[in-house]
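In what follows, a structure is listed as structure tokens, so that the remarks can point back to it.
All heavy atoms count here, side chains included; hydrogens, waters and symmetry mates do not.
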Amino acid sequence: MSDGRHVIWSNDLDYDDWKDDLEEQYPELSENERIALMYEINGDYLDDERSNLDIQLSRPILVVGDLGLWNGRRMGYKEIQSGNIRDCLYSDTDYVTWFVDRNGDFRCDAIHHDGTNHYLYRVYRDGVTETQIDNLKEKLYYGTATRKDITRITRRLGDEIARVHGFPIPRQRQEAVQER
């Protein structure tokens with residue numbers, strides 16, 4: 001964990017972090033071959049994470065994007081209709097890091113040729129109406145949605161991920177108030 005983040009997977013690798021283990025396990029390989037192997041092994045780890053996070057939710061997942069585009073930053077969104085957390089773990093960017101932040105939100109930093117996109121993954125709360133969802137999407141589209149707008153209609157995914165990985169995250173504020 002760094003900066004309060006629990007990294008789930010990243011392809012932003014540093015060979016120095018892998019070097020000693022790879023040299024010990026594969027002394028016959030050249031450094032370039034070990035670097036290639038590092039990326040191959042890391043790719044297998046992503047497949048493992050998709051299996052670990054094969055968690056089916058009752059509603060679609062909303063992905064809120066803070067997008068770094070060639071002409072500036074923009075807010076955007078998309079939905080993962082399957083409602084399965086594993087389906088969050090796909091990207092077509094150059095470098096990607098998925099993590100759970102200190103607030104229990106599942107996030108991604110995705111670096112591409114124009115800049116960096118920051119994604120927030122949330123699932124629609126049970127009981128919210130299509131009208132409420134449409135109103136939130138409109139605010140996201142126009143870049144006027146606030147954190148409060150988002151948390152009113154959605155809930156975080158970090159709780160499910162923390163259960164799989166066994167790390168602690170703070171209880172949600174709403175839950176703490178309800179238990180009083």
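- Panel note: side chain E49, backbone R86; no donor-acceptor pair is recorded below 3.5 Å.
- Cluster annotation: L120 is connected to M75 through the hydrophobic network of ILVMFWY side chains, with a link wherever side-chain heavy atoms come within less than 4.5 Å.
- When side chains are defined from C-beta on, R59 does not count as touching R155, because their heavy atoms never get closer than 4.5 Å.
- Listed for the R34 side chain is no donor-acceptor partner under 3.5 Å among the backbone atoms of K19.
- No side-chain heavy atom of W70 sits under 4.5 Å from any side-chain heavy atom of H113.
- The main-chain N or O of T154 is found under 3.5 Å from a side-chain atom of R122 such that the two form a donor-acceptor pair.
- By the side chain to side chain donor-acceptor pair (under 3.5 Å) test, K78 pairs with no residue at all, sequence neighbours left out.
- With contacts defined as side-chain heavy-atom distances shorter than 4.5 Å, the pair F99/S10 does not qualify.
- In this structure, CZ in R156 is found 15.5 Å from CD1 in I150, a value given to the nearest 0.5 Å.
- Under the rule for a side chain to side chain contact (heavy atoms under 4.5 Å, CB included), the partners of D14 that lie at least two apart in sequence or sit in another chain are D16, D17.
- Side-chain N/O atoms of Q132 and Y124 include no donor and acceptor closer than 3.5 Å.
- N11 contributes a side-chain N or O that, together with a main-chain N or O of V96, makes up a donor-acceptor pair within less than 3.5 Å.
- Below 30°, between 30° and 60°, or above 60°: for H6 and F167 the angle between ring planes is below 30°, a parallel geometry.
- For the side chain to side chain contact (heavy atoms under 4.5 Å, CB included) criterion with L53, the lone passing option out of D87, L157, I85, N84 is I85.
- Side-chain N or O atoms of R107 include none that pairs as donor or acceptor with a backbone N or O of V100 at under 3.5 Å.
- Placement of I8 and L57 within a single hydrophobic cluster is found when ILVMFWY residues are connected by side-chain heavy-atom separations under 4.5 Å, directly or transitively.
- When side chains are defined from C-beta on, Y39 does not count as touching N42, because their heavy atoms never get closer than 4.5 Å.
- Rounded to the nearest 0.5 Å, atoms CD (E79) and CD1 (I61) are 10.5 Å apart.
- Taking hydrophobic clusters as Ile, Leu, Val, Met, Phe, Trp and Tyr residues chained together by side-chain heavy-atom distances below 4.5 Å, I133 shares a cluster with Y142.
- At least one donor-acceptor pair under 3.5 Å links the side chain of H112 to the backbone N or O of G68.
- Follow the hydrophobic side-chain contacts under 4.5 Å out from Y119 and you never reach L62; the two are in separate clusters.
- When atom types are taken as modelled, the side chain of W98 and the backbone of C88 share a donor-acceptor pair closer than 3.5 angstrom.
- A distance of 3.5 Å separates CG in D149 from NZ in K139, rounded to the nearest 0.5 Å.
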